[in-house]
There are 2 protein chains.
Amino acid sequence: MEARHLRYALALAEHQHFGRAAASLGIAQPPLSTQIAALEREIGERLFDRTARGVFPTAAGEAFLVRARGALTEMSRARVDAGRAARGETGRLRLGFIGSALLDPLPGVIGRFRRTHPDVRLTLQELECPSAALLAGELDVAVGRGSPRGAGAEDLVTVPIGADHLIAVVSTAHPFAGRPSVGIGQLAQEPLVVSADAASTYLRPLFNPDPTVLDTAAIARDIHTIAGLAACCAGVGLGPNRMRMIARKDIWFCDVEPRFRLPDLRMSVRVTDSSPVLAAFLSVVRQNCADVGARLDDLLARHPAAAGR
Amino acid sequence: MEARHLRYALALAEHQHFGRAAASLGIAQPPLSTQIAALEREIGERLFDRTARGVFPTAAGEAFLVRARGALTEMSRARVDAGRAARGETGRLRLGFIGSALLDPLPGVIGRFRRTHPDVRLTLQELECPSAALLAGELDVAVGRGSPRGAGAEDLVTVPIGADHLIAVVSTAHPFAGRPSVGIGQLAQEPLVVSADAASTYLRPLFNPDPTVLDTAAIARDIHTIAGLAACCAGVGLGPNRMRMIARKDIWFCDVEPRFRLPDLRMSVRVTDSSPVLAAFLSVVRQNCADVGARLDDLLARHPAAAGR
DNA sequence: TTGCTTTACGTCCAGCGTAAACATG
DNA sequence: CATGTTTACGCTGGACGTAAAGCAA
């Protein structure tokens, strides 16, 4: 049984007339007759009653036609669904990110992606180390800080998706409140509140030649906790400029002088991942984050394993 | 797109290898390759990734395969459903009957039919005049008494499906209680309870030469009411022998001497009705009611309009 | 007779098989 | 080089068209 037989049977049922049905199919009457006969022979039952007043489906024919319609519908859906999947309009994307990414680039990117790709199942997960989950195959996109390390890292491409610099946050009751900026020297006199990796790595050069002040800093898991501890007058919080998005009335933000650049927020994906959903997501990222497109294309072109793209 | 393309794509996805998939399909490798290529060209998307480690569906391919499976399932169901419908295993049968038919032939027939044809939607309806509803096209089978009249009656075939004779029913407090039989002469002395058509037609010869005793009889719509009125000592109920199936403790049944045969219970169907469900039902009736088969065959053979059977 | 379906038969395309060429690790 | 896929090409089955033959009203 071929799809042709189904189409012919449906046309015949619709027109109730071999001649008109054949015309609607763009073929002559006799072939239609032989094809219907062949179908009936294969099914083993008469599907149509040929009467003087027209051609009508038998009980078997009625039952057959219902399924025939279903089968042809599935076939047209197969075509449509394949196209949608190829364009990344359906499917699944697992995105892992560090919490602070939710403040700046992610809301715009994710919001736009959800609007333009409403039928993609988007899994969002806040993680301490998204790139590890990406390497483990639990994610499709990781947004974190620094470059991924570990086995398989050579199969990842990583692009910066947003630069940022250090600012300070204090309670409105703190002497710094109301000041647009503070100097690094002043900071070194204060008890500090920073994130764990900031304390251990990228903030240390800031306090050269004596980075030991960081060893006594309070440690917070995310920037909301930094702001909260600062609000408690537990110390001066240090974090990225995008922390200003936090709208608490009991805190005050100061620029840090001189401006100190923080490690870029970076997005990683597997180069071996040829998922159209990922491609669609990257395309949205390109539109939202300046300069990402060219860097991404460059990296992908250079990468030896980027065959399937 | 033809069903062949779906079968080939599914085989390829299953075996992840052109050669083995082709072998499983009973064709050589190159035709499979060309057919898959043709399918991909028609869909407009690559459906399979050909890698060194095997052939794997792309995202578009995955989406396509889901629908392809669905379409082929529908096609095999089309075949199965057509066969089942042709054998009368599915479909609908509307049966109308007079209440008293529920006592004798219908329980056996309907019970057997439901067991052997559980997927047929059987509509059962108690009616005063089932044959009228059959003529009106509201029924497929009518079980009633006497022969159908009216426009279109020549397109019906009617066979007797059970003979019966008259018995009397009285209260256990009635003088007749305990007697195996009563004579017709004794009945004429008593107040009677009969059905409407019995009073007006087929019971009148019983009381010749003076059928006027029936004019004062109480009229009941069904045999349960006859028995109930008899139980109230409202009179002597007259009805068919199958009335003995009624299991009330406050009534007593007597044969009527001499035995008086009642009009046969008859089953009517439209000769123009070629529904397989009806054929299956008639086949059950044949098995349950002796002699019906031969009579039915005879009537159908003689009928000029019985072409489609 | 008329209108419609089926049968008969010739034609041509398309799907298949064989053989060779081409990619890829 | 070995394995597997694609391209090339001849062949054949079957789907189509035309013409003629049933068939029912």
Side-chain angles (χ1 to χ4, degrees), chain A residues 1-43 45-58 61 154-155 271-272 274 303-309, chain B residues 1-43 45-58 61 68 155 271-272 274 303-309:
Chain A
M1 196 186 342
E2 286 296 331
R4 180 184 55 255
H5 296 118
L6 310 186
R7 287 188 280 265
Y8 288 7
L10 287 174
L12 182 56
E14 185 187 348
H15 293 92
Q16 306 183 337
H17 187 283
F18 273 83
R20 287 191 289 277
S24 82
L25 291 165
I27 63 172
Q29 296 170 18
L32 177 59
S33 190
T34 58
Q35 290 298 311
I36 294 292
L39 176 61
E40 290 178 325
R41 182 154 29 80
E42 184 183 348
I43 299 294
E45 306 291 350
R46 203 151 184 79
L47 299 178
F48 292 95
D49 268 337
R50 287 80 159 165
T51 76
R53 292 183 320 287
V55 179
F56 304 98
T58 61
E154 66 279 7
D155 281 339
V271 280
T272 53
S274 61
H303 201 284
R309 309 187 63 97
Chain B
M1 197 189 336
E2 286 296 331
R4 180 184 55 255
H5 295 117
L6 310 186
R7 286 188 281 264
Y8 288 8
L10 287 174
L12 182 55
E14 186 188 346
H15 293 92
Q16 305 184 339
H17 187 282
F18 273 84
R20 286 191 289 277
S24 82
L25 291 165
I27 63 173
Q29 297 171 18
L32 177 59
S33 191
T34 58
Q35 289 298 311
I36 294 293
L39 176 61
E40 289 178 327
R41 183 154 28 82
E42 185 183 347
I43 299 295
E45 306 292 349
R46 202 152 185 80
L47 299 178
F48 291 95
D49 268 337
R50 287 82 157 163
T51 76
R53 292 182 320 286
V55 179
F56 304 98
T58 61
D155 281 340
V271 282
T272 53
S274 60
H303 201 285
R309 307 188 64 96

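Chain letters run A, B, ... following the sequence lines, proteins first and then strands; every chain starts at 1.
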Take atom [atom1] of [X] and atom [atom2] of [N], then tell me their distance rounded to the nearest Å.
X: Asp49(B); N: dT5(D); atom1: CG; atom2: C1'; value: 14 Å
X: Met1(A); N: dG14(D); atom1: CE; atom2: P; value: 17 Å
X: Tyr8(B); N: dG15(C); atom1: OH; atom2: P; value: 9 Å
X: Leu32(A); N: dG14(D); atom1: CG; atom2: P; value: 19 Å
X: Glu2(B); N: dA15(D); atom1: CD; atom2: C1'; value: 11 Å
X: Glu40(A); N: dT7(C); atom1: CD; atom2: P; value: 11 Å
X: Arg53(A); N: dA25(D); atom1: CZ; atom2: P; value: 9 Å
X: Gln16(A); N: dC4(C); atom1: CD; atom2: P; value: 13 Å

It should be established whether [X] places a side-chain nitrogen or oxygen under 4.0 Å from OP1 or OP2 of nucleotide [N].
X: Ser33(B); N: dT6(D); result: yes
X: Gln35(B); N: dA14(C); result: no
X: Arg4(B); N: dG15(C); result: yes

Using atom types as modelled and distance alone, determine if a side-chain donor or acceptor of [X] lies under 3.5 Å from a backbone N or O of [Y].
X: Glu42(A); Y: Met1(A); result: yes
X: Glu14(A); Y: Ala9(A); result: no
X: Thr58(A); Y: Asp49(A); result: no

- Item | Side chain of Val55(A) - closest among dT7(D), dT5(C), dG4(D) |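 Nearest to the side-chain atoms of Val55(A), counting from C-beta on, is dT5(C).
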- Just call it for Gly26(A): base, sugar-phosphate, or nothing, with non-hydrogen atoms closer than 4.0 Å on any strand.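 Sugar-phosphate only.
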- Item | Those residues that, when tested against Glu2(A), pass side-chain hydrogen bond (donor to acceptor under 3.5 Å, both in side chains) (two or more places apart) | Arg7(B)
- Message: If you assign Ile27(A) and Arg50(B) each to the DNA chain D nucleotide with the nearest heavy atom, which residue ends up on the more 5' nucleotide?
- Response: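 Its nearest nucleotide lies further toward 5', so the answer is Arg50(B).
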- Task: Using the closest heavy atom to pick a nucleotide of DNA chain D for each, name whichever of His5(A) or Phe18(B) lands nearer the 5' end.
- Result: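 On the 5' side of the pair lies Phe18(B).
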- Would you sort out whether Val55(A) and His17(A) count as a side-chain contact (heavy atoms from CB on, under 4.5 Å), showing the intermediate values? CA-CA 6 Å; Val55(A) 179; His17(A) 187 283; 5.6 Å; no
- Message: When you compare the side chain of Glu40(B) with that of Phe48(B), does any pair of heavy atoms fall below 4.5 Å?
- Response: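 Phe48(B) vs Glu40(B): side chains touch.
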- Scan Ile43(A), Leu47(A), Leu39(A), Ile36(A) and name whichever one has a side chain to side chain contact (heavy atoms under 4.5 Å, CB included) with His5(A).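 It is Leu39(A); the other options fail the test.
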- Query: Can you give one letter per nucleotide of nucleotides 18-25 of chain C, going 5' to 3': B for a protein heavy atom under 4.0 Å from the base, S for sugar-phosphate only, - for none?
  - Reply: BB-----S
